[in-house]
Amino acid sequence: MARPAAAYEPAVPARPACAYTSCYCEENVWKLCEYIRSQDQYPLEEFYAVFISNDRRMIPLWKQKSGHGDAPVVWDYHVILLHVSSGEQNFIYDLDTVLPFPCPFDMYSVEAFRLDDSLHPEFHRKIRMIRADLYLKTFASDRSHMKDANGKWHKPPPSYPCIETADSKMNLDDFISMNPKVGWGSVFPLPDFVHRFGRQTDYSYSSEGQ
């Protein structure tokens, strides 16, 4: 039986209790996936890591904690977590937003994404969507992208060890890339993502990766 949106039970602890490091959104989402896997509350297969970027790596998002007033923040990429819920509404988990955590998908879409139609084409956003179980198996980062030429950190790294797999210590660029022939998951334009997972659509979706 479908749960009404008001009765939705968050899949992770309240925001202050989640593992979080500023400017390491890909690892923050990995940690959310890891937590969800450790619980029996929801099937991990209902969750997706969602990378937002484009070929120029310039994507505006609104309602970010680092923003000022109603001005967007322009990231090279950002990562959020999508819960394709069995209820009436899907939910977004974004530890960098000032919106609720979790946030109903439609609210996040209207407030944080807004519309590509009003943006110059170079700012149009694309989505790479990877099922959470696949993300936990495949993602690796040695955090080298956060160091300058002298090896100094642009931003302090997380306190826990780097995330790596048996096959890789660094494949972050494969996730940020919006080339569908690279990496894992599925790539499509932001409007398609909003149409697919907004309230008026059906929620059937599955992708094991390329």
ring-ring contact (aromatic ring centres under 6.0 Å, His included) partners of residues 140-165, not counting sequence neighbours, each pair once: none
Donor + acceptor pair across side chains of N179, S177 (<3.5 Å): no
Over all atoms of both residues, closest heavy-atom pair of T21 and P156: CG2-O, 3.5 Å
NZ-CG distance between K137 and D167, expressed to the nearest 0.5 angstrom: 12.5 Å
Within the 6.0 Å centroid threshold, strictly below: Y135 and F175: yes
Taking the side chain from [X] and the backbone from [Y], do they hold a donor-acceptor pair closer than 3.5 Å?
{"X": "E111", "Y": "W62", "result": "no"}
{"X": "S168", "Y": "T165", "result": "no"}
{"X": "N171", "Y": "A140", "result": "yes"}

Residue pair C162, K169: steps toward the side-chain contact (heavy atoms from CB on, under 4.5 Å) verdict: CA-CA 8 Å; C162 292; K169 291 186 182 298; over 6 Å; no
More than 12 heavy atoms of other groups within 6.0 Å of K155 NZ: no
Worked check of salt bridge (charged side-chain N to carboxylate O under 4.0 Å, His left out) between R128 and D174: CA-CA 10 Å; R128 178 182 292 271; D174 289 347; over 6 Å; no
Contacts of type side-chain hydrogen bond (donor to acceptor under 3.5 Å, both in side chains), residue E45, not counting sequence neighbours: none
Contacts of K126 that satisfy side-chain hydrogen bond (donor to acceptor under 3.5 Å, both in side chains) - sequence neighbours left out: none
For S53, side chain to side chain contact (heavy atoms under 4.5 Å, CB included) partners two or more places apart: R57, Y77, I176, M178
W30 with Y24, same ILVMFWY side-chain cluster at under 4.5 Å: no
Carboxylate-amine/guanidinium proximity below 4.0 Å for R125 and D116: yes
D70/R114 ion pair, N-O < 4.0 Å: yes
Co-members of V98 in a cluster of I, L, V, M, F, W and Y side chains, linked at under 4.5 Å: none
All pairs passing side chain to side chain donor-acceptor pair (under 3.5 Å) where residues 91-100 contributes a residue, at least two apart: Y8-Y93, Y20-D96, Q64-D94, H78-D94, D94-Y108
